Amino acid sequence: MSSPQGRFTEGAAAVNGRTFVKAHAWGKHLFHDYGPAGVVHVHLGLYGTFTELPVPMGLPIGQVRMRIEGAEFGTDLRGATACELIDAPQVDAILARLGPDPLRPRSDPAPAFERIAKSRRPIGALLMDQKVMSGVGNVYRSEVLFRQRIDPYREGGRLDPEQLVALWGELVDRMRVGLRIGKIVIVDPEHDRGDPSYAPDRPRTYVYRRAGAPCRVCGTPILTAEMDARNLFWCPSCQIR
DNA sequence: GGCTTATGCGCAG
DNA sequence: TGCGCCTAAGCCA
């Protein structure tokens, strides 16, 4: 591992030349374990990216914050909002403020259900709150609420227990598909199976970024509004308040 | 080539 | 509540 330029170099210097042992993720947080040297905490934020390159990787292009080089391939990290060396207690502190992650095996949604059930905040905001549950982003919040026919403005406490179970199940299913194929596809994701190049421009979402376009189910124009400083999308006809 | 937008979040005020 | 981060993709010309 190396830390070529600017920002984050101080912390990362401590693991310069160290061997990357393993990685794990909780919600949107990624942890790279370097054994006794510590843990590198990465959060991609809005525009962080890892790009993969064959070895030899050549000189870094642009503002590369962290480079990991393997035997055959390596990665360059750019644009992340966090890339810092932390110790075990700091890892625990981050995990302590995160709710259950639908992508983690054997994740227990009960604490999330409890928080939602007693909240008067809209479900569209609760799904984005990392303390309630972690990993759900702005695309999935709009899409799973459409799939479950729940209006994003409905108060959390006004969801039935069965709806909470169904909503969680929907998140698990959809996010697993996203993980497997490497992109968010809600509309007929099985088309991607075995052929990532299949119909690259076919529809991927029901409502996300489709403001004004007809609902794929009922034809009603999709609405958009800001909720918690993020763009929200929904069908006023399919989704019940 | 330029402009806009964004799968997110911490912090100032 | 609004800004800053500062990359990449999509869209237009």
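Note that the structure is predicted; figures quoted are calculated from it, not measured. Quick note on labels: first sequence line is chain A, next is B, and so on, each numbered from 1.
- A salt bridge links A/D129 and A/K131; the closest N-O separation between the charged side-chain nitrogens and carboxylate oxygens is under 4.0 Å.
- Annotation: B/dT7 and C/dC11 have their P atoms spaced 15 Å apart (nearest Å).
- Nucleic acid contact for A/R209: sugar-phosphate only, since backbone atoms but no base atoms lie under 4.0 Å from a heavy atom of the residue.
- In this structure, CE of A/M128 is placed 9 Å from C1' of B/dT7, rounded to the nearest angstrom.
- Checking side-chain atoms of A/Q148 against main-chain N and O of A/Q163 turns up no donor-acceptor pair under 3.5 Å.
- For A/R78, whose side chain is taken as the heavy atoms from C-beta onward, the closest listed nucleotide among C/dA8, B/dA6, B/dG8 is C/dA8.
- Here B/dT7 presents its P atom at 3 Å from OH of A/Y208, a figure rounded to the nearest Å.
- Using a 4.5 Å cut-off on side-chain heavy atoms (C-beta onward), A/V187 and A/Y206 make contact.
- Centroid-to-centroid, the aromatic rings of A/W26 and A/F31 stay 6.0 Å apart or farther.
- Between A/N138 and B/dA6 there is no side-chain N or O to OP1 or OP2 distance below 4.0 Å.
- Which of B/dG10, B/dG8, B/dT7 sits closest to the side chain of A/R97 comes down to B/dG10.
- Within residues 46-59 of chain A, the residues approached by DNA chain C to less than 4.0 Å at the level of any non-hydrogen atom are A/Y47, A/T49, in residue-number order.
- The phosphate of B/dC9 (OP1 or OP2) has a side-chain N or O of A/H43 nearer than 4.0 angstrom.
- In this entry the distance linking CZ of A/R230 with C1' of B/dA6 reads 7 Å, nearest Å.
- C/dA8 and B/dG10 have their P atoms separated by 22 Å, given to the nearest Å.
- Rounded to whole Å, the distance from CZ on A/R204 to P on B/dT7 is 15 Å.
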